[in-house]
Amino acid sequence: MGVKSSGSTDAERNRKRLKLKFAIKQSMRELSVQLSVLNHQVAAHLDLTDIDLDCLDFISREGPLSPSALARRTGLHPATMTGILDRLEQRGWIARDRDPSDRRAVVVRANRTRNAEIMRLYSGMNTSMDRICAGYGEPELELLADFLRRTADAGRNATDELTGD
């Protein structure tokens, strides 16, 4: 009888684990949609397209980088990237500079003086996130940060697989 009870407990744990994994994936999908909607609104307030804002974010976080590296990272065609960079440069969001290691090459960098405009538009979300994080202890925040980092890496890997990188 003890074996049946133990087997039942394992089965219950497995069901609960499956439900939790499903709930996490559903929540991640909902988060993805909500962040897309938020980013769309932020982009519209800045007179940018969604992909312009995405590229600006890549440049801000990972730049300076070459236009070809940015095209590879985003999965966009280099000609499309040129148009995006032209728009961002014309609106004062980025600058194109000569690559210090190869004067024939160009790198793009974000115009950091414009960060406040973007941060103002994300302030509501940042405030909400601060409130949410305040409800967690340090070990829980470390776990969440690790989970989100690993999930972002999984998303990058899945994108690379789709783009053939």
Side-chain angles (χ1 to χ4, degrees), residues 20-130 132-133 136 140-165:
L20 286 171
K21 286 180 1 183
F22 179 78
I24 289 168
K25 290 175 184 176
Q26 288 297 102
S27 294
M28 292 297 293
R29 288 178 68 193
E30 178 64 17
L31 175 61
S32 174
V33 169
Q34 290 305 314
L35 290 176
S36 290
V37 171
L38 175 61
N39 289 340
H40 177 76
Q41 291 302 314
V42 168
H45 277 84
L46 298 171
D47 193 29
L48 297 172
T49 67
D50 295 4
I51 197 66
D52 291 352
L53 183 62
D54 289 342
C55 289
L56 179 58
D57 186 50
F58 273 116
I59 295 164
S60 294
R61 287 184 298 114
E62 299 178 15
L65 66 167
S66 71
S68 59
L70 183 59
R72 275 192 309 277
R73 182 70 181 88
T74 59
L76 296 172
H77 190 276
T80 302
M81 185 55 62
T82 298
I84 292 168
L85 295 176
D86 287 347
R87 283 192 302 276
L88 291 172
E89 186 176 40
Q90 288 165 357
R91 293 181 177 129
W93 290 103
I94 65 160
R96 287 179 169 122
D97 297 321
R98 291 282 169 214
D99 186 337
S101 63
D102 179 357
R103 300 292 298 159
R104 297 167 295 170
V106 172
V107 294
V108 292
R109 63 173 173 76
N111 180 354
R112 302 273 182 212
T113 63
R114 307 256 344 238
N115 281 356
E117 294 172 63
I118 296 172
M119 293 310 294
R120 180 181 52 80
L121 295 169
Y122 283 111
S123 66
M125 182 64 174
N126 285 331
T127 299
S128 293
M129 293 206 42
D130 288 344
I132 292 166
C133 288
Y136 293 96
E140 295 161 316
L141 290 172
E142 288 173 356
L143 178 69
L144 288 167
D146 177 64
F147 173 80
L148 292 171
R149 260 191 311 276
R150 292 169 65 189
T151 302
D153 288 344
R156 248 185 309 282
N157 293 338
T159 301
D160 290 347
E161 286 177 19
L162 288 174
T163 59
D165 283 351

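Position 1 is the first residue of the sequence; numbering continues from there. Just so it is clear, the model here is predicted, and its values are computed rather than measured.
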Can you measure from [atom1] ([X]) to [atom2] ([Y]) and round to the nearest 0.5 angstrom?
X	Y	atom1	atom2	result
Met125	Leu38	CE	CG	6.5 Å
Glu62	Ile59	CD	CD1	10.0 Å
Ile118	His45	CD1	NE2	13.5 Å
Leu162	Asn157	CG	CG	11.0 Å
Leu48	Arg91	CG	CZ	6.0 Å
Leu31	Gln26	CG	CD	12.5 Å

Exam field: side chain [X] to backbone [Y], donor-acceptor pair closer than 3.5 Å:
X	Y	answer
Asn39	Leu35	yes
Arg72	Pro78	no
Ser32	Met28	no
His40	Ser36	no

Problem - Pairs involving residues 115-125, ordered by first then second residue, that meet salt bridge (charged side-chain N to carboxylate O under 4.0 Å, His left out) (sequence neighbours left out) - result: Arg114-Glu117
Practice task
Please list all pairs passing the salt bridge (charged side-chain N to carboxylate O under 4.0 Å, His left out) test where one or both residues lie in residues 142-155, with sequence neighbours left out.
Solution key: Asp146-Arg150, Asp153-Arg156
Handout entry: Derivation and outcome, side-chain contact (heavy atoms from CB on, under 4.5 Å), residues Leu70 and Ile84
Key = CA-CA 11 Å; Leu70 183 59; Ile84 292 168; over 6 Å; no
With heavy-atom distances below 4.5 Å as the criterion, would you say the side chains of [X] and [Y] are in contact?
X	Y	value
Met119	Asn126	yes
Ser66	Asp99	no
Glu89	Val108	no

Which pair of non-hydrogen atoms, one from [X] and one from [Y], has the smallest distance, and what is that distance?
X	Y	answer
Tyr122	Leu53	OH-CD2, 3.6 Å
Pro67	Val106	CD-O, 3.4 Å
Gly92	Asn111	O-ND2, 3.0 Å
Arg112	Ser60	NH2-O, 2.9 Å

Practice task
Can you establish whether the number of heavy atoms outside Tyr136 located under 6.0 Å from its atom OH is more than 12?
Solution key: no
Any residue meeting salt bridge (charged side-chain N to carboxylate O under 4.0 Å, His left out) with [X], in chain and number order, not counting sequence neighbours:
X	result
Arg29	none
Asp54	none
Asp86	Arg96

Practice task
For Ile94 and Leu56, run side-chain contact (heavy atoms from CB on, under 4.5 Å): C-alpha distance rounded to whole Å, both residues' side-chain angles, the deciding distance at 0.1 Å, then the answer.
Solution key: CA-CA 8 Å; Ile94 65 160; Leu56 179 58; 3.9 Å; yes
Practice task
Please lay out, stage by stage, how Trp93 and Asp52 fare under the test side-chain contact (heavy atoms from CB on, under 4.5 Å).
Solution key: CA-CA 10 Å; Trp93 290 103; Asp52 291 352; over 6 Å; no
Fill in the blank from the handout: Residue set satisfying side-chain contact (heavy atoms from CB on, under 4.5 Å) with Asp102, at least two apart, ordered chain then number -> Arg104, Ala105
Problem - Residues Cys133, Leu141; criterion side-chain contact (heavy atoms from CB on, under 4.5 Å); working and verdict - result: CA-CA 7 Å; Cys133 288; Leu141 290 172; 4.0 Å; yes
